[in-house]
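Note that these values count all heavy atoms, side chains included, but never hydrogens, waters or copies made by symmetry.
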Amino acid sequence: ESAQKIFIQKGFKGSSINDIARDANINKSLIYHHFSNKEDLWRAVKKHILNKHVGSQIMETNFPMESFKNYLKSFVSIRFKFYDNNPELVRLIAWQRLENTQEDVGGIQDKKFSTLIPQLIEFQKRGEISPDLDPEMVEYMIMTTASMAFMESPVFFHDQSPNDKKVAYLELLVERLYRAFSSTNEPEKPLKKTVYHYAG
């Protein structure tokens with residue numbers, strides 16, 4: 001908890017083991033007994049936030065594979081809501097981006113949340129995603145668009161009815177991603193705000 005507090009306040013590079021030990025009122029040698037370096041402690045903080053705010057329920061989620069559209073809607077919705085509900089983790093990730101420390105402290109996610117490529121290839125084989133698209137690029141676009149609104153929060157998220165705007169944005173996001181990658185020429189449908197029941 002002390003490490004989380006200090007890292008969120010100062011970022012990775014601006015924090016020290018001494019700062020954390022002082023805040024926790026312990027000797028820093030005790031920290032080194034459990035963590036080999038500051039990078040390990042940073043990753044442990046991220047994992048702690050994930051376990052505390054997500055728990056096993058989302059980690060055990062099996063995204064539906066019956067259609068690309070349902071898979072996309074499920075994955076993007078969960079990722080979107082996760083970032084919305086975890087500003088502390090967003091702050092840590094923002095520090096990582098600012099300090100360019102991703103190589104050292106980035107990866108702790110469950111595989112199903114860190115790569116979509118096997119599923120995207122499967123949907124390409126089924127003819128649901130355009131075969132000329134690079135799965136790595138498709139994955140990148142899905143991952144970043146589902147979380148970017150919380151890294152650089154848009155003005156309309158702070159309007160008088162922010163949840164309504166989030167519902168509309170999430171619906172628009174899923175629909176446009178689907179149309180960008182789908183191999184079908186499904187006729188245009190008006191977007192309905194009732195499709196998503198969003199609780200921030």
Side-chain angles (χ1 to χ4, degrees), residues 1-63 71 74-121 135-154 157-158 162 166 170 198-200:
E1 290 175 354
S2 290
Q4 178 175 316
K5 171 184 171 184
I6 299 298
F7 282 144
I8 287 174
Q9 286 177 350
K10 300 183 177 182
F12 179 77
K13 292 182 179 178
S15 302
S16 71
I17 295 295
N18 283 334
D19 291 335
I20 295 164
R22 192 178 305 113
D23 187 82
N25 197 29
I26 60 171
N27 192 297
K28 69 177 182 180
S29 62
L30 183 59
I31 295 177
Y32 284 117
H33 177 73
H34 294 283
F35 305 97
S36 58
N37 51 43
K38 191 167 70 168
E39 288 83 357
D40 282 350
L41 184 54
W42 175 277
R43 282 189 288 267
V45 166
K46 286 178 68 179
K47 196 166 188 177
H48 171 73
I49 293 173
L50 283 169
N51 290 336
K52 181 178 178 182
H53 296 285
V54 181
S56 61
Q57 183 177 0
I58 290 180
M59 288 303 182
E60 293 171 359
T61 298
N62 291 313
F63 299 110
Y71 176 85
S74 178
F75 181 87
V76 172
S77 297
I78 286 177
R79 189 173 175 89
F80 186 91
K81 293 172 185 177
F82 169 72
Y83 278 96
D84 189 21
N85 292 328
N86 291 280
E88 294 171 330
L89 186 61
V90 171
R91 184 81 181 267
L92 288 180
I93 294 171
W95 274 117
Q96 282 183 197
R97 294 173 63 207
L98 181 65
E99 298 175 332
N100 196 28
T101 56
Q102 291 92 329
E103 291 295 324
D104 298 325
V105 297
I108 60 164
Q109 289 180 303
D110 184 277
K111 283 186 178 181
K112 74 175 76 173
F113 287 90
S114 60
T115 180
L116 310 181
I117 291 176
Q119 290 78 18
L120 296 176
I121 291 173
E136 287 185 311
M137 294 184 182
V138 174
E139 176 194 55
Y140 178 79
M141 290 182 69
I142 293 172
M143 292 285 199
T144 54
T145 52
S147 60
M148 188 53 65
F150 303 101
M151 303 298 168
E152 299 177 10
S153 185
F157 275 14
H158 305 283
K166 288 174 183 177
L170 175 57
Y198 183 78

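- By the salt bridge (charged side-chain N to carboxylate O under 4.0 Å, His left out) test, Lys10 pairs with Asp19, sequence neighbours left out.
- Classified by interplanar angle (parallel below 30°, tilted 30° to 60°, perpendicular above 60°), the ring pair Phe150/Tyr83 is parallel.
- Counting heavy atoms from C-beta outward, Glu1 and Asp23 have side chains that stay 4.5 Å or more apart.
- Taken to the nearest 0.5 Å, the OG atom of Ser29 stands 9.5 Å off from the NE2 atom of His33.
- Taking 4.5 Å as the limit, every side-chain heavy atom of Leu116 sits out of range of all side-chain heavy atoms of Phe63.
- Using a 4.5 Å heavy-atom cutoff, the side chains of Asn37 and Leu41 are not in contact.
- Among residues two or more places apart in sequence or in another chain, the salt bridge (charged side-chain N to carboxylate O under 4.0 Å, His left out) test is passed with Glu152 by Arg97.
- Atoms CG and NZ, from Asp40 and Lys47 in turn, are 11.0 Å apart once rounded to the nearest 0.5 Å.
- Between Arg43 and Phe35, every side-chain heavy-atom pair lies at or beyond the 4.5 Å cut-off.
- Here the side chain of Ser147 pairs a donor or acceptor atom with the backbone of Met143 at under 3.5 angstrom.
- The side-chain tip of Lys166 points at the ring of Phe157 from less than 6.0 angstrom away and within 45° of straight on.
- A donor-acceptor contact shorter than 3.5 Å is absent between the side chain of Asn86 and the backbone of Glu88.
- Going from atom CE of Met148 over to atom CE of Met141 covers 12.0 Å, rounded to the nearest 0.5 Å.
- Distance CZ/Arg91 to CD/Gln9: 8.0 Å, rounded to 0.5 Å.
- Side-chain contact check for Ser16 and Asn18: no donor-acceptor pair (N or O, by modelled atom type) lies under 3.5 Å.
- Remark: Met151 CE is packed, more than 12 non-hydrogen atoms of other residues, nucleotides or ligands lying under 6.0 Å away.
- Counting heavy atoms from C-beta on, the side chains of Ile20 and Lys38 never come closer than 4.5 Å.
- Between atom OH of residue Tyr71 and atom CG of residue Leu120 there is a gap of 6.0 Å, rounded to the nearest 0.5 Å.
- The distance between the ring centers of Trp95 and Phe12 does not fall below 6.0 angstrom.
- Considering every non-hydrogen atom in both Pro154 and Ala149, the closest pair reads CD-O, 3.2 Å.
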